[in-house]
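Naming: A, B, ... by sequence-line order, numbering from 1 per chain.
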Number of protein chains: 2
Amino acid sequence: MRVGELSRRSGVSVASIKYYLREGLLPPGERTSPNQASYDEGHVHRLRMVRALIDVGGLTVAATRSVLAAVDDPEVPLHEALGRASATTPAPGGGGGDADDEAHADAQRALADLVAQRGWRVGPRNPAWDTAVEVLATYTRLGDDDLARQLELYAEAMEGVARREVAAVVDRGDRARTVEGAVVGTVLGDTLLAALRRLAQEHCSAQLLERAEGRAQG
Amino acid sequence: MRVGELSRRSGVSVASIKYYLREGLLPPGERTSPNQASYDEGHVHRLRMVRALIDVGGLTVAATRSVLAAVDDPEVPLHEALGRASATTPAPGGGGGDADDEAHADAQRALADLVAQRGWRVGPRNPAWDTAVEVLATYTRLGDDDLARQLELYAEAMEGVARREVAAVVDRGDRARTVEGAVVGTVLGDTLLAALRRLAQEHCSAQLLERAEGRAQG
DNA sequence: ATAAGTGGACAGTACTACTATCCGAGGCGG
DNA sequence: CCGCCTCGGATAGTAGTACTGTCCACTTAT
């Protein structure tokens, strides 16, 4: 098929398809003449992936390219592909004014303790490490420590989720499908988990409010 | 204090402080003369909140303003303030090409089933609902259904997290501190949960790989 | 033959989050 | 009281992101 049909099939405008081709998110079609090319079902699928990662997962075009390149490259290990999905890496340097480094050091220690306690084997090069430290440090800088106290709860919940996810993803066919499924599941999973958390929070707060009113009235 | 000191105390440039004042993220200082104003500790705290929500939580300036306005306004219920934090709302219309509405309707049904099964009392106006539906629909459009199969697992994990969070946040002093803590905890919590999930995934996949190699060798 | 579609290049757009510059009006040491 | 710094406020400019529009020579379908 040519670009017009690809556009119709995927719901992405021709102009955007050309943009994605330029940016390397979409591999070029097979040349049928010096200035004609044809695209296949793989391109349709890839376009859907691109839109999913950008629109639903909230990745930037640059992060999407990096992730897809990792999925394509059999050399890149799975967890590095996942690491590349973290487009929203908070800048490690220069933030606060008062007790900046102190909060950061405390956070570093708290996370190291948590990881040691749970027996997690994680490399320090995982960008998620720095992200987690930065969040913890930010929280203590704001003067609240509820989140820090719930760190263990969060870690336990995420370990349970991750264990089942990893188990579900390993026994697919080939490596490409496994990695692709893991990446999409992780990126879209972030969004889904956040949404479900909002829903659960509303339910729980409503429940708590009802109970409080019930106590007050009866 | 005047703007120069506020800048030094918060680590935010004077130019950015002026920008936040213009955009209504930061309330104006108290006028001491027709063209002089003084700022207090509240402004320092507010600035830290703003930077936390924008830099770490990934909110846009517009979303941050909306959230902070909700925190300030005693009329706005807590869960609406939380709802406003969802800056990355995927556009509900126009996405796919092939079986768009079908996937969407299926996702709608799956989520409604889940909510009914868990007994969650949530209003349909919660924007997280549409986000969750969109993620589910996107996932099935991509041809994978692992994520959909793990929906219950995700919901259970998030209910556990939300229950403890809500319990931890209700018994603070005044309403303003409660709502503020809930908002910050929810927004930063998204980032933290995502980071911990990446860490846990790396751990679990490494563990699984080791076990597989152990089986292969011994 | 002719109209529509194509690949490729490149300029332009809309939006976001600042950043820089200018201005006239205080504030503050000498 | 002078000079210099800083202030607040307004306006314009910048850098980055994700497209979008236009143009062109060339193919392809009718």
(message) What I want to find out is whether R84(A) reaches E80(A) closely enough, with some N-O distance under 4.0 Å, to be called a salt bridge.
(response) yes

(message) Please determine whether a side-chain nitrogen or oxygen atom of Y20(B) lies at a distance below 4.0 Å from atom OP1 or OP2 of dA17(C).
(response) no

(message) Tell me whether D40(B) is salt-bridged to R46(B), with the criterion being a basic N under 4.0 Å from an acidic carboxylate O.
(response) no

(message) Is the phosphate of dC18(C) approached by S13(B) (side-chain N or O, under 4.0 Å from OP1 or OP2)?
(response) no

(message) I need the OH-C1' distance between Y39(B) and dT6(D), as an integer number of Å.
(response) 12 Å

(message) Measure CG/D55(B) against P/dC18(C) and give the value in whole Å, please.
(response) 7 Å

(request) Select one nucleotide: of dA17(C), dG26(C), dA18(D), the one nearest the side-chain heavy atoms of V61(B). (result) dA17(C)

(request) Consider the side chain of R22(B), meaning its heavy atoms from C-beta on, and name the nucleotide among dC19(D), dG5(C), dT19(C) that approaches it most closely. (result) dT19(C)

(message) Tell me whether D106(A) is salt-bridged to R141(A), with the criterion being a basic N under 4.0 Å from an acidic carboxylate O.
(response) no

(message) Is N35(B) close enough to dG26(C) that one of its side-chain N or O atoms is under 4.0 Å from OP1 or OP2 there?
(response) yes

(request) Determine the contact category for A37(B): base if any of its heavy atoms lies under 4.0 Å from a base atom, sugar-phosphate if only primed atoms, P, OP1 or OP2 are that close, otherwise nothing. (result) sugar-phosphate

(request) Check the distance between dA18(D)'s C1' and L25(A)'s CG and give it to me in whole angstrom. (result) 11 Å

(request) For L47(A) and dC19(D), give me the distance from atom CG to atom C1', rounded to whole Å. (result) 14 Å

(request) When you get a sec, tell me which of dG8(C), dT27(D), dT6(C) is the closest nucleotide to the side chain of R2(A)? (result) dT6(C)

(request) To the nearest Å, give me how far apart CG (L53(B)) and C1' (dT16(C)) are. (result) 17 Å

(message) Please confirm whether the shortest side-chain N or O distance from Y19(A) to OP1 or OP2 of dT17(D) is below 4.0 Å.
(response) no

(request) Determine, for E159(B) against R163(B), whether the closest basic-nitrogen to carboxylate-oxygen distance falls under 4.0 angstrom. (result) yes

(request) To the nearest Å, give me how far apart CG (L21(A)) and C1' (dT20(D)) are. (result) 15 Å

(message) I'd like to know if R125(B) pairs up with D130(B) as an ion pair, taking the criterion as any Lys NZ or Arg NE/NH1/NH2 lying under 4.0 Å from an Asp or Glu carboxylate oxygen.
(response) no

(request) Examine dT19(C): is either OP1 or OP2 under 4.0 Å from a nitrogen or oxygen in the side chain of S16(B)? Give yes or no. (result) yes

(message) Reading DNA chain C from 5' onward, which residue's closest nucleotide shows up sooner: Q36(B) or I54(B)?
(response) I54(B)

(request) Check the distance between dA20(C)'s P and K18(B)'s NZ and give it to me in whole angstrom. (result) 12 Å

(request) Write down the distance between CD1 (I17(A)) and P (dA9(C)), rounded to a whole number of angstrom. (result) 17 Å

